[in-house]
Number of protein chains: 2
Amino acid sequence: MYEVFFRKFNEKIQLTEEEVTFVKQYLTPKKLRKKQYLLQEGDICRNICIVEKGALRAYILDEHGEEHITAFALEGWTMGDLSSFIKEEPAMLNIDALEDCELVLISKSAYIELLKVMPKFETYIRILMTDAYMALQKNMTNMISLSLEERYKAFIRMYPNIVQRVPQHMIASHMGLSPETLSRLRSRLNSRK
Amino acid sequence: MYEVFFRKFNEKIQLTEEEVTFVKQYLTPKKLRKKQYLLQEGDICRNICIVEKGALRAYILDEHGEEHITAFALEGWTMGDLSSFIKEEPAMLNIDALEDCELVLISKSAYIELLKVMPKFETYIRILMTDAYMALQKNMTNMISLSLEERYKAFIRMYPNIVQRVPQHMIASHMGLSPETLSRLRSRLNSRK
DNA sequence: TCAAAACATTGATATATGTCAATGTCCTGC
DNA sequence: GCAGGACATTGACATATATCAATGTTTTGA
């Protein structure tokens, strides 16, 4: 149980068997069926989740009620509305399952307790946050400095699994494009090679 | 010396006088004149910096050589190309001074050593990264879900000091707009009230 | 197994923003 | 103190992308 979670953990920080057992006490498994919600806008995000299996998306609704996908999460990725989790404020994000999912949840109290009693956990979180920040930064600089075509090609290169498993209009939404524009972009790219 | 740095630190984690003295050993002061560079694209970012006084900007050059400002930093803010600092890869960002600056630098070796020997430093960095991630996320969701006008009003509300101290065309660049478009947006807002 | 929904594509048109250019003002450094 | 540059504004025009609509295909669920 929790194989993916601990595989990811061990990539950053080695844990002994006892430590694994110890951490497991603080984790909760959760299954989610396709289209079910993990979090809805306005609720407080009570858990950080790690995807063991399946796929999630996070999206925000704009003033016209349009969905804008802010993130996908596949196996091994972390998902949640971090601001809501940390500050215990209403979430801006909606998170739902794109496929049937198996998740690992860390509650706020578990998070706080683990940070307090287990330095290796704090180190792991520090690294996780650093990596997440760098990834977001990278996305932002790509968004700013690349042409549409280059952005799409970079996305395919970076996240080939997402392109395979997620409908195209959601990728368009994630890139801030209409489905039509992405479709035309793709046909331009195909005709060119 | 390093007043701003330790004020910020103490807002998150209380330090004893001895701890302050200890941390000071790892810090280096640096002055920068307006328009001088702290970091240039292609170089490796050897230091994380905290602004004691003055203002910095970070920008990236796109394929046409156009500048796109990715961040500003005023007193108390942290600045650097984090990916370059952590991975010791060539930086994508250019960082220069918008005003004469006084900075505090933390070198990579100081960063690693402090993380190793001082749990409070690791906790501080963990919180810093978490906050930075949340702020970037917030910017991204604003970018996605708000109209231009709302984005500009949100920016003014959030960073009134930047609006006062930074030329308008740089704010346009930071918002991903041409200077003309921001100018027209502002005149629209003014005529309306 | 079939009907309905979800999805991708393509065309016609609308619109927001960028680009180019001209003008005037205000800094700023020599 | 003045000249040149940086900056903001405004107008005319170009262009990329959104929007609306129609069509065909694939997936899904009863």
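Given the structure is predicted, the values throughout are model-derived calculations rather than measurements. Reckoned from all heavy atoms, side chains included, excluding hydrogens, waters and symmetry mates.
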Checklist entry - When only distance counts, do a donor and an acceptor, one from the side chain of B:R188 and one from the base of C:dT17, lie under 3.5 Å apart? => result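 Under the 3.5 Å cut-off, the side chain and the base do not form any donor-acceptor pair.
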Mind calculating the distance between [atom1] ([X]) and [atom2] ([N]) to the nearest angstrom?
| X | N | atom1 | atom2 | result |
| --- | --- | --- | --- | --- |
| A:M143 | D:dT17 | CE | P | 13 Å |
| A:E66 | D:dC20 | CD | C1' | 13 Å |
| A:L185 | D:dA18 | CG | P | 11 Å |
| A:I171 | C:dA6 | CD1 | P | 19 Å |
| B:L148 | D:dA18 | CG | C1' | 15 Å |
| B:L177 | D:dT9 | CG | P | 14 Å |
| B:Y152 | C:dT17 | OH | P | 15 Å |
| B:H68 | C:dG18 | NE2 | P | 11 Å |

Item to check | Salt bridge present between A:R57 and A:D96 (N-O < 4.0 angstrom) | outcome: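 Answer for the salt bridge query: yes.
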Checklist entry - So what does B:L182 touch, heavy atoms closer than 4.0 Å: a base, only the sugar-phosphate, or nothing? => result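 Contact class for B:L182: none.
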Checklist entry - Which residue, B:E180 or B:H169, contacts DNA chain D at a nucleotide closer to its 5' end, judged by nearest heavy atom? => result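 So the residue in question is B:H169.
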Next on the checklist: I want to confirm an ordering. Mapping A:R184 and B:R186 to their closest nucleotides on DNA chain D, which one lands closer to the 5' end?
Outcome noted: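 Checking each residue's closest nucleotide, the 5'-ward one belongs to B:R186.
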Next on the checklist: Under a plain distance cut-off of 3.5 Å, with no hydrogens placed, do B:E89 and B:S83 share a side-chain donor-acceptor pair?
Outcome noted: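 Absent: no donor and acceptor within the cut-off.
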Next on the checklist: From the set C:dT10, C:dT28, C:dG18, return the single nucleotide nearest to any side-chain atom of B:K34.
Outcome noted: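 Of all the options, the side chain of B:K34 is nearest to C:dT28.
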Next on the checklist: Closest approach to the side chain of B:S183, judged atom by atom: which nucleotide of D:dT10, D:dT28, D:dT17 is it?
Outcome noted: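 Shortest atom-to-atom distance from the side chain points to D:dT10.
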Next on the checklist: I want to check one thing: is the phosphate of C:dT9, taken as OP1 and OP2, less than 4.0 Å away from some side-chain N or O of A:Q168?
Outcome noted: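 Answer yes for this pair, as a side-chain N or O of A:Q168 is under 4.0 Å from OP1 or OP2.
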Checklist entry - Taking OP1 and OP2 of D:dA18, is either one under 4.0 Å from a side-chain nitrogen or oxygen of A:S178? => result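 Yes.
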Item to check | Geometric class of the B:F5/B:Y124 ring pair [parallel <30°, tilted 30-60°, perpendicular >60°] | outcome: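 Ring orientation, 0 to 90° scale: perpendicular.
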Next on the checklist: For A:F9 and A:F6, take the angle between the two ring planes, folded into 0 to 90°, and tell me which bin it lands in: parallel under 30, tilted 30 to 60, perpendicular over 60.
Outcome noted: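 The rings of A:F9 and A:F6 lie parallel, inter-plane angle below 30°.
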Checklist entry - Can B:Y111 and B:F85 be said to form a ring pair (Phe, Tyr, Trp, His ring centres under 6.0 Å), step by step? => result CA-CA 10 Å; B:Y111 180 80; B:F85 180 75; 5.2 Å; yes
